[in-house]
Asks: 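Have a look at this one before I ask anything.
Indexing begins at 1, ligand by ligand and atom by atom, following the structure's order. Index from 1, following the sequence.
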Amino acid sequence: MYAWISVVTAALAHGVSASTPGQPLVSDAPLGHFQIVGDSIASAQQMFLGTQDKVYIVDKTERNPTQINGHPAWAAEYSVSENHGRPMDVVTNSFCAGGSVLGNGTWVNVGGNQAVTYGGLAADSQTGGLPYDDPDGGHSVRLLNPCDDEACDWVMDTPMTTRRWYPSLETLEDGSIIIIGGCDYGGFVNDAGQTNPTYEFFPYNPAVGLTTSPLLVNTLPANLYPLTWLLPSGNLLMQSNWGTAILNHRTRTETQISAMPHAVRVYPASAGTAMLPLTPANNYTATILFCGGSNIQSDQWVTTWDIAQYPASDSCVTITPDVSTNYVEDDPLPEVRSMGNLIYLPNGKLLCLNGAGTGVAGYGNVTWAIDQSFADHPVLNPIIYDPSARAGQKWSREGLSESTIPRMYHSSATLLPDGSVMVAGSNPNADYNVAADVPYKTEYRVEKFYPLYYNERRPEPQGLPSQLSYGGPYFNVSLSAQDLGGNVSAVESTTVIVIRTGFSTHTMNMGQRYVQLESTYTGNSDGSATLHVSQLPPNAAVLAPGPALLFVVVNGVPSVGVQIMVGSGRIETQPTRANVALPSSAIAKQNSTSSASGSQTTGSSKSSSAVQTVGFGVNTFGLLFMVLVALMF
Ligand SMILES: *[C@@H]1O[C@H](CO)[C@@H](O)[C@H](O)[C@H]1NC(C)=O
Ligand SMILES: *[C@@H]1O[C@H](CO)[C@@H](O)[C@H](O)[C@H]1NC(C)=O
Ligand SMILES: *[C@@H]1O[C@H](CO)[C@@H](O)[C@H](O)[C@H]1NC(C)=O
Ligand SMILES: *[C@@H]1O[C@H](CO)[C@@H](O)[C@H](O)[C@H]1NC(C)=O
Ligand SMILES: *[C@@H]1O[C@H](CO)[C@@H](O)[C@H](O)[C@H]1NC(C)=O
Ligand SMILES: *[C@@H]1O[C@H](CO)[C@@H](O)[C@H](O)[C@H]1NC(C)=O
Ligand SMILES: [Cu+2]
């Protein structure tokens with residue numbers, strides 16, 4: 001039976017195939033649970049998926065026991081398939097750096113802190129030397145070309161002209177990166193004496209240089225790591241402290257818009273934030289979700305009161321900046337949460353995990369801190385947000401179990417190609433600290449969270465491209481009858497999804513994005529089907545060029561994602577052209593023991609009457625097909 005299906009599938013496959021995803025390596029995962037799978041070597045303050053199998057971890061300089069080049073390692077490469085870490089050398093102090101990926105696939109990590117010694121105190125030498133040999137990272141630009149042969153490492157590039165501790169990065173539609181904000185020498189929040197309220201572009205253009213952002217000037221002291229998204233209009237949404245602005249990065253002009261309601265969302269309040277999926281149904285219109293954080297006024301960012309026991313916010317709001325400049329109330333979180341990280345699942349839902357019920361990000365030697373942590377009451381349970389659910393029903397914890405590991409300040413998370421979510425880090429300590437009496441230790445344990453679809457047989461779509469363009473000819477992807485669960489009607493709701501997993505740090509995944517490609521289908525009489533799939537919309541601001549994962553989701557179950565290149569693979573104005581019109585959707589009558597096959601066509605739109613007609617045909621013939629399958633066993 002299975003062999004027969006393979007033959008049919010092979011016959012349908014075309015030459016455009018880059019790689020056909022298989023099944024996950026883990027076959028009996030504890031669904032809805034976290035599982036401890038390995039050791040990250042360095043604490044995962046910053047983390048991103050770089051290849052199909054490798055996750056890169058960047059920490060601040062500290063007394064990690066693993067050594068590299070004669071000093072502690074504060075970066076690592078983690079093999080997902082082997083659950084094994086390899087120490088790496090980021091050279092300078094990458095403490096609270098920012099990161100993103102260029103349109104040519106190179107990852108960039110910028111900024112950081114001065115050289116430190118034990119306890120996170122400033123070192124005498126800012127150019128290296130014992131104990132940590134961590135030159136000042138304030139101006140640093142570090143580049144990495146991810147690899148699967150364990151041969152790659154970070155390379156220092158020309159430094160920036162100003163210091164940036166806690167900068168935000170966002171990849172732009174030409175594959176370059178905007179680097180925004182930060183401060184000179186850090187601290188809990190920013191102050192007028194050390195703020196860097198400017199942005200610049202990488203690769204650096206001296207003719208453009210630095211531009212001052214009025215938003216950053218006006219939102220001290222909580223203006224570090226400003227929350228930033230490239231919008232499909234080509235503008236950027238920037239959110240900092242209680243302020244919001246639209247930045248036109250081409251003219252370098254800014255417009256102040258609505259104040260953020262209810263809570264501060266940026267670090268250290270640290271809400272969970274994400275752009276909701278961009279889909280044909282919403283015409284690729286961006287809505288950004290902010291959940292949790294903390295209601296702290298600008299004059300309250302001082303350490304003279306017990307912030308660690310101050311309850312976080314449960315409020316969620318959205319904004320659709322290309323359409324309206326007002327915030328809109330959304331379903332609140334089921335419990336208050338600071339540092340609850342939002343991670344896309346390929347099924348279009350968002351997983352919220354990590355965080356604390358009281359306090360905020362940050363640490364220090366103050367009497368009220370929990371040892372050094374400025375947060376307490378870790379929230380251990382994951383929750384899932386469904387953007388398509390009705391108001392009042394968006395959050396769910398059904399079938400989900402708690403983690404055993406508090407993950408608060410300096411924790412991170414990323415979606416993996418197999419549809420699980422890797423979670424690591426948490427280190428509200430100035431230096432590596434695993435002392436028994438420290439409640440929130442430096443955390444090296446890596447967990448995987450397994451969504452409820454994880455153990456289902458995954459679709460194995462054939463004919464996936466290795467590159468997507470902005471418009472142009474469509475491509476065909478074949479799904480076997482088995483991929484469709486023995487019911488060809490499943491193809492009607494099948495989606496093709498591109499996800500950029502982003503650069504995870506401080507409760508943000510910079511650059512994280514979910515884009516559904518337009519598709520139609522042809523269901524074949526043997527129960528298999530062909531998807532006809534458009535390229536991305538002819539607008540590189542929908543998804544900036546660079547690497548991303550491609551999934552096909554059948555009945556809510558994703559294929560194992562394959563890494564593809566979005567755009568030309570170069571940092572340049574991306575070529576765009578109209579998408580070629582897709583064939584109309586159609587499902588052929590299914591084979592039965594006696595009747596010959598025919599064909600019914602629905603037309604390209606999924607109008608309810610047309611779907612009903614097809615649905616009726618499929619109900620009958622799908623049932624017969626399944627009987628046939630049963631008989632063949
Ligand atoms: C990508 O572009 C950057 C900036 O120009 C360059 O440093 C890097 O080497 C390029 N990467 C590749 C893979 O060409
Ligand atoms: C905070 O206290 C720890 C432990 O006592 C010490 O190692 C560290 O240097 C102190 N940090 C500062 C900034 O004083
Ligand atoms: C969808 O968005 C595009 C680009 O912004 C616009 O030209 C078009 O009119 C929109 N279509 C609908 C149906 O809103
Ligand atoms: C895709 O499939 C359709 C019909 O099934 C066929 O007409 C078309 O030529 C195919 N296109 C490509 C690019 O393979
Ligand atoms: C279904 O019908 C098609 C077209 O007649 C034929 O090519 C195919 O082999 C049939 N499959 C089965 C399982 O009978
Ligand atoms: C096949 O799927 C369709 C749409 O999902 C559903 O309505 C129908 O009941 C299914 N048929 C069978 C035989 O399971
Ligand atoms: Cu930090």
Asks: Using the ring of each side chain (for Trp, its six-membered ring), is Phe188 parallel, tilted or perpendicular to Trp301, with breaks at 30° and 60°?
Replies: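 Aromatic pair Phe188/Trp301 classed perpendicular.
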Asks: Only heavy atoms of Ser489, strictly under 4.0 Å: list the atoms of ligand 6 that pass.
Replies: 1 (C), 2 (O), 3 (C), 4 (C)
Asks: Checking side chain to side chain donor-acceptor pair (under 3.5 Å) between Tyr440 and each of Asp376, Asn433, Asn429, which is the one that passes?
Replies: Asp376
Asks: Just checking, any donor-acceptor pair under 3.5 angstrom between side chains of Tyr166 and His506?
Replies: no
Asks: Test salt bridge (charged side-chain N to carboxylate O under 4.0 Å, His left out) on Asp371 and Lys441; report intermediate values, then the result.
Replies: CA-CA 10 Å; Asp371 199 68; Lys441 301 180 191 7; over 6 Å; no
Asks: Within the 4.0 Å heavy-atom shell around His532, which atoms of ligand 4 are there?
Replies: 1 (C), 2 (O), 3 (C), 4 (C), 5 (O)
Asks: For ligand 4, note which part of Asn476 has a heavy atom under 4.0 Å away: side chain, backbone, both or neither.
Replies: side chain
Asks: For the residue pair Gln535 and Ser469, confirm or rule out a side-chain donor-acceptor distance under 3.5 Å.
Replies: yes
Asks: Contacts table for ligand 2: protein N or O within a distance under 3.5 Å of ligand N or O, distances only.
Replies:
residue: ligand 2; atom: 2 (O); partner: Asn365; partner atom: OD1; Å: 3.1
residue: ligand 2; atom: 2 (O); partner: Asn365; partner atom: ND2; Å: 2.4
residue: ligand 2; atom: 11 (N); partner: Asn365; partner atom: ND2; Å: 2.8
residue: ligand 2; atom: 14 (O); partner: Asn365; partner atom: ND2; Å: 3.3

Asks: Checking side chain to side chain donor-acceptor pair (under 3.5 Å) against Asn427, which of Arg407, Gln372, Glu62 comes through?
Replies: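 Between Asn427 and the candidates, side chain to side chain donor-acceptor pair (under 3.5 Å) is satisfied uniquely by Glu62.
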Asks: Aromatic ring centroids of Tyr444 and Tyr432 under 6.0 Å?
Replies: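 Yes: the rings meet the under 6.0 Å criterion.
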